[in-house]
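This is a predicted model, so every value here is computed, not measured. Convention: sequence-line order gives letters A, B, ...; per-chain numbering from 1.
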There are 2 protein chains.
Amino acid sequence: MQFGCKYTWYFINRNNVALYILVIMKTIRNTASKTAILELITHSEVALSHVEIQKLTGDLCDRVTIYRVLERLINEDLIHKIATPDGTVKYASCHHHHDNHHHIHNHVHFSCEKCLSVTCLDSVEPSYKIPDNYLVKEVNFTLSGLCPKCI
Amino acid sequence: MQFGCKYTWYFINRNNVALYILVIMKTIRNTASKTAILELITHSEVALSHVEIQKLTGDLCDRVTIYRVLERLINEDLIHKIATPDGTVKYASCHHHHDNHHHIHNHVHFSCEKCLSVTCLDSVEPSYKIPDNYLVKEVNFTLSGLCPKCI
DNA sequence: TTGCTTAATGCAATTTGGTTGCAAATATAC
DNA sequence: GTATATTTGCAACCAAATTGCATTAAGCAA
Ligand SMILES: [Zn+2]
Ligand SMILES: [Zn+2]
Ligand SMILES: [Zn+2]
Ligand SMILES: [Zn+2]
């Protein structure tokens, strides 16, 4: 069998059942849109929403492409998604700082009610205690009020 | 001057400028829709989204009315809005518990990635430290993972 | 109770945000 | 350069949320 992409075969033999498993590795490609959008997010002081990225990139690419690029950048763990208190979603780059072993984004976001900016406060780590019948996988801690510029 | 609604006059006299300010007080009304929706949210174990409220109320009122009622209930500080990590907005009643003097919602929310339920963990209070050039007015701390039922 | 005034509602239309399918374009491995 | 799978653009689609306006009804005072 031949494929143009990377792949591996796994073989399992258990209880008289033989199984060949084909694992296809999708190769990630770098494109103009992807690099430009990542640049934009990385160099931005504040987190950006989809519409903001759309305005900033002009006619670089289609709005659908922006959605798909953002999705890929998240999968590659290059950016992260932030849900602001009012329900809008913004994106910021990851300055990991990951909780070493657990790979949990555990830092505070600040959302300014006046200029609507959202910022990662990478240095601040919140602490909490929660009943242990809950399994915590992600932490999303957003403070809102007035940012230094608007105070 | 005469008005059907409540109003007050304020008078300011400063630097040779005399100013009469008319403050009109909007009277809040209780309607069937409003009481029903508040009941629903208050008695619910978990936070409810707009669509969920729509399904639960049936043809009690128009969906637009639900949006407007929710907005009013938030203004009256009877319910609060919760943005889940994926950007959907849910509503829960306020069991204040308000930071006595400051009137800040300061409690943890848990969002289950399996059953999609969102719960207020009123008893848990997160602690954090933030640069003092920020003015914090709201705290929105959402943990996500698996809830006791789904674990 | 009745009438008056303004708040709240219903409905239709519109805007906004996000998704899907498919053909065409293009990045990467060889 | 060529082959092949990934990425893109476009159009269509869908759901969520907002707006304007005419109508209804809550609450106050007589
Ligand atoms: Zn600001
Ligand atoms: Zn962040
Ligand atoms: Zn659950
Ligand atoms: Zn809550």
Side-chain angles (χ1 to χ4, degrees), chain A residues 1-8 22-38 47-76 78-79 81-91 116 118, chain B residues 1-8 22-38 47-76 78-79 81-91 116 118:
Chain A
M1 247 185 271
Q2 278 281 56
F3 295 94
C5 59
K6 294 195 177 177
Y7 64 97
T8 338
L22 172 61
V23 178
I24 296 188
M25 270 95 94
K26 183 164 176 170
T27 58
I28 298 164
R29 291 181 189 177
N30 288 316
T31 63
S33 307
K34 190 181 157 189
T35 12
I37 293 172
L38 181 57
L48 300 172
S49 68
H50 176 268
V51 256
E52 287 165 339
I53 294 170
Q54 207 180 328
K55 279 173 192 157
L56 288 166
T57 50
D59 56 355
L60 167 77
C61 64
D62 194 76
R63 21 182 260 113
V64 183
T65 303
I66 299 179
Y67 282 114
R68 299 198 260 226
V69 165
L70 290 171
E71 200 186 3
R72 260 182 295 150
L73 290 174
I74 289 172
N75 285 338
E76 291 179 52
L78 294 171
I79 63 170
K81 206 176 183 175
I82 307 164
T84 61
D86 64 327
T88 52
V89 174
K90 302 214 170 190
Y91 303 87
L116 301 179
V118 175
Chain B
M1 249 186 272
Q2 279 280 56
F3 295 94
C5 59
K6 294 195 175 174
Y7 64 97
T8 339
L22 172 61
V23 178
I24 296 188
M25 271 95 93
K26 182 166 176 167
T27 58
I28 297 164
R29 292 179 189 177
N30 288 317
T31 62
S33 306
K34 190 180 157 189
T35 15
I37 292 171
L38 181 56
L48 300 172
S49 68
H50 176 268
V51 256
E52 287 166 339
I53 294 170
Q54 206 180 329
K55 279 173 193 158
L56 288 166
T57 49
D59 55 354
L60 167 77
C61 64
D62 193 77
R63 11 177 282 112
V64 183
T65 303
I66 299 179
Y67 282 114
R68 298 197 260 226
V69 165
L70 290 171
E71 200 186 1
R72 259 182 293 151
L73 290 173
I74 289 173
N75 285 337
E76 290 178 53
L78 295 171
I79 63 170
K81 206 176 185 177
I82 308 164
T84 60
D86 63 328
T88 51
V89 174
K90 302 215 168 189
Y91 303 88
L116 300 179
V118 175

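Taking the nucleotide of DNA chain C with the nearest heavy atom to each of A:Arg68 and A:Arg63, the more 5' of the two is matched to A:Arg63. Nearest-nucleotide positions on DNA chain D place A:Leu60 closer to the 5' end than the other of B:Ala32 and A:Leu60.
Summarising the geometry, the separation between CG on B:Asp86 and C1' on C:dT19 is reported as 15 Å, rounded to the nearest angstrom. One interatomic measurement links the two molecules: CD of B:Glu71 to C1' of C:dA8, which rounds to 12 Å at whole-angstrom precision. The CD-C1' distance, from B:Gln54 to C:dT9, rounds to 15 Å in whole Å. One atom, CD1 of A:Ile74, and another, P of C:dG18, lie 12 Å apart when rounded to the nearest Å. D:dT18 atom C1' lies 14 Å from atom CG of B:Leu70, rounded to whole Å. D:dT7 atom P lies 14 Å from atom CG of A:Leu38, rounded to whole Å. Atom NZ in A:Lys55 sits about 11 Å away from atom C1' in C:dT16, given to the nearest Å. Between the CG atom of A:Asn30 and the P atom of C:dA29 there is a distance of 10 Å, given to the nearest Å.
Nearest to the side chain of A:His50, among D:dA16, D:dG9, C:dG18, sits C:dG18. Comparing D:dG9, C:dG17, C:dA8 by their closest approach to the side chain of A:Tyr67 singles out C:dG17. Candidate nucleotides D:dA17, C:dG18, D:dT8 were compared by shortest atom distance to the side chain of A:Val69, and D:dT8 ranks first. Of the candidates D:dC10, C:dC11, D:dA17, C:dC11 carries the atom nearest the B:Asp62 side chain, counting heavy atoms from C-beta on. When distances run from any side-chain atom of B:Lys26 to the nucleotides C:dG10, D:dT18, C:dA8, the shortest one goes to C:dA8. Of all nucleotides listed (C:dG18, C:dT9, C:dG17), C:dG17 comes nearest to the side chain of A:Val51. In the set C:dA7, C:dG18, D:dA17, C:dA7 carries the atom at the smallest distance from any side-chain atom of B:Arg29.
In the helix from C:dT1-D:dA30 to C:dC30-D:dG1, the terminal helix axes, each the rotation mapping four pairs' C1' atoms onto the next four within five end pairs, subtend 40°, rounded to 10°.
Across all their heavy atoms, B:Val89 and A:Asp86 have their closest contact at CG2-O, 4.1 Å. A:Pro85 approaches B:Ala83 most closely through the heavy-atom pair O-CB, 3.7 Å. In terms of heavy atoms, B:His50 sits closest to B:Arg63 at NE2-O, 3.3 Å. Here the closest heavy-atom approach between residue B:Arg29 and residue B:Arg72 is recorded as O-NH1, 4.0 Å. Closest approach of B:Ile66 and B:Thr57 over heavy atoms only: CD1-OG1, 4.0 Å.
Residue B:Val64 is in base contact, counting any heavy-atom pair closer than 4.0 Å across all strands shown.
With sequence neighbours excluded, the residues satisfying salt bridge (charged side-chain N to carboxylate O under 4.0 Å, His left out) with B:Lys34 are B:Glu76.
Within the 4.0 Å cut-off from OP1 or OP2 of D:dT7, not a single side-chain nitrogen or oxygen of A:Ser33 is found. When the side-chain nitrogen and oxygen atoms of B:Thr31 are compared with OP1 and OP2 of C:dA7, none of them lie within a distance under 4.0 Å.
Taking 4.5 Å as the limit, some side-chain heavy atom of B:Ser33 sits within range of a side-chain heavy atom of B:Thr65.
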With side chain to side chain contact (heavy atoms under 4.5 Å, CB included) as the criterion, how do A:Leu48 and A:Tyr91 come out once you've worked through the C-alpha distance, each side chain's angles and the decisive distance to 0.1 Å?
CA-CA 5 Å; A:Leu48 300 172; A:Tyr91 303 87; 5.7 Å; no
